[in-house]
S.K.: 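Here you go, one structure.
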Amino acid sequence: MVELEKEVLAEIRRIAVEELEWKGAVEPQQDLLRDLQLDSLGLTVLAVGLENRFRIRLSEEDAQEVKTVADLVRLVANRVAAPSRAPVEARS
Amino acid sequence: MHSAPPGHDRSLPYIRAVGRALPAHYATQEQLIAALREVWATRHFNLDRLEELHRNVQVKGRYLALPVDAYPGLATFQQRNDAWIRESTLLGEQVVRQALERAELTARDVDHVFFVTVTGIATPSVEARLANLLRFREDFKRTPIFGLGCVAGAAGLARAADYLRAFPSHTALLVSVELCSLTLQREDLSIPNIIASGLFGDGAACAVLSGAEVPGAKGPRVVASRSVFYPDTERIMGWDVVDSGFKVILSAKVPQLVKDHVRRNVEDFLVEQGLRRSDIRHWVAHTGGPRVLQAFEEALELESSALSRSWASLQEVGNLSSSSVLFVLGETLEQAGARPGDWGLMLAMGPGFCAEMVLLRW
């Protein structure tokens, strides 16, 4: 799990730099909105990038519990470990 | 020396008519989603999310320069731009003929053509090609304007009005042709491009303006205009020009920029004209997208019906870039039931980032 979380953090850093033109550091304790200054489009780009890389689905409900980079890392790692628990999967 | 109060200056140009034209091929938003889904699946995992992005822009369908199944065959910039030159000339001819007929004028009455677009390039520019089809006089003046994007409908009208103050016996056309579908980069599967492919449509508009000394000219008058430039906002909206054409730059910060600035910009402009926001009876706003229209409504504290023409246009045809605000203007001219003395304000924003306001009086 630790390895997977490192992989997720690395992917978040890659998306921030390559797709969101983010110039600063990306650290686990940072707030996605306040510190990384992500707007709705930025959050969508981040979510889509993680969904594509880890073949998972993230939902609106998921967004409620995610505030920091660390929250997002945990959510993605958990979803990779147990994809059937994703609320959106129930629809398909 | 005394100057006339705003709206009573005898040198003010008239907007005589606004023509609008849409290409022949129509596709509903669901048909477009179905056509794009296969391309999205080559890189994206959660296609439901992308479909939601297309539905969230509240556009029911778009008119397209070509049939939907013709687009995959356009692989290179040259192929897309060749199609753009051919189709924009055809649509431009149609819209100019319609606008001149509505203004009860002929091509021989035209002294100056301002041509605005951001979706293709041509040299000679499209208004020269239109001259060969429509037979403008050999001394007609040409001002092609590329790169203003969505703001060019309002900014082009303002520049045409500036010209007609200097040449009050002249008639000018503002021709806008935007074939956004021909800029689509199928291989660019970035989220901004996917949102753009859900929002932007194709269309053309032509405003006919005459200077104050042209006999028989009538319609609302262009009283004043104001440009506003927002420094250091180059990456908010625009193109990255790449080997395959125009790759869209689109930031979600646009609605926030509107919220932060538009009220002060409008109030400063109106105060200079001796007016208040409550004096404006007809709001002619560019149909940037649902969040931009909401931002206009909130920042300017508008009644729910104030932007109804912009909302309807967005839903029916999508964002037509510079043509959009001219579609709304044309519908306002023909359907708003404006009375003599009514004030109107055209409002558009675009790459720069910048805004343009045009004050009208009936």
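Every chain is numbered from 1 and lettered A, B, ... according to where its sequence line falls, protein lines coming before strand lines.
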S.K.: With rounding to the nearest 0.5 angstrom, report the CZ to CG distance, A:Arg57 to B:Leu47.
M.R.: 7.5 Å
S.K.: Between the side chains of B:Arg49 and A:Thr44, does any donor sit under 3.5 Å from an acceptor?
M.R.: no
S.K.: Working to the nearest 0.5 angstrom, can you tell me the gap between B:Asp48 CG and A:Ser59 OG?
M.R.: 12.0 Å
S.K.: Can you confirm whether B:Arg186 is buried at CZ, in the sense that more than 12 heavy atoms of other residues, nucleotides or ligands lie under 6.0 Å from that atom?
M.R.: yes
S.K.: In terms of heavy-atom proximity below 4.5 Å to chain B, should A:Glu21 be classed as side chain, backbone, both, or neither?
M.R.: side chain
S.K.: How long is the straight-line distance from NZ of B:Lys253 back to CG of A:Asp39, given to the nearest 0.5 Å?
M.R.: 5.0 Å
S.K.: If we check side-chain contact (heavy atoms from CB on, under 4.5 Å) with A:Leu41, which of these qualifies: B:Leu53, B:Ile191, B:Val254?
M.R.: B:Ile191
S.K.: For a quick test of reading the model, state the closest non-hydrogen atom pair linking A:Asn52 to B:Phe45 and the distance between them.
M.R.: OD1-N, 2.7 Å
S.K.: Considering non-hydrogen atoms only, spot the tightest contact between A:Leu58 and B:Asn46 and give its length.
M.R.: O-ND2, 4.1 Å
S.K.: Is the CD atom of B:Glu38 crowded by more than 12 outside heavy atoms at less than 6.0 Å?
M.R.: no
S.K.: Can you confirm whether A:Glu27 is buried at CD, in the sense that more than 12 heavy atoms of other residues, nucleotides or ligands lie under 6.0 Å from that atom?
M.R.: yes
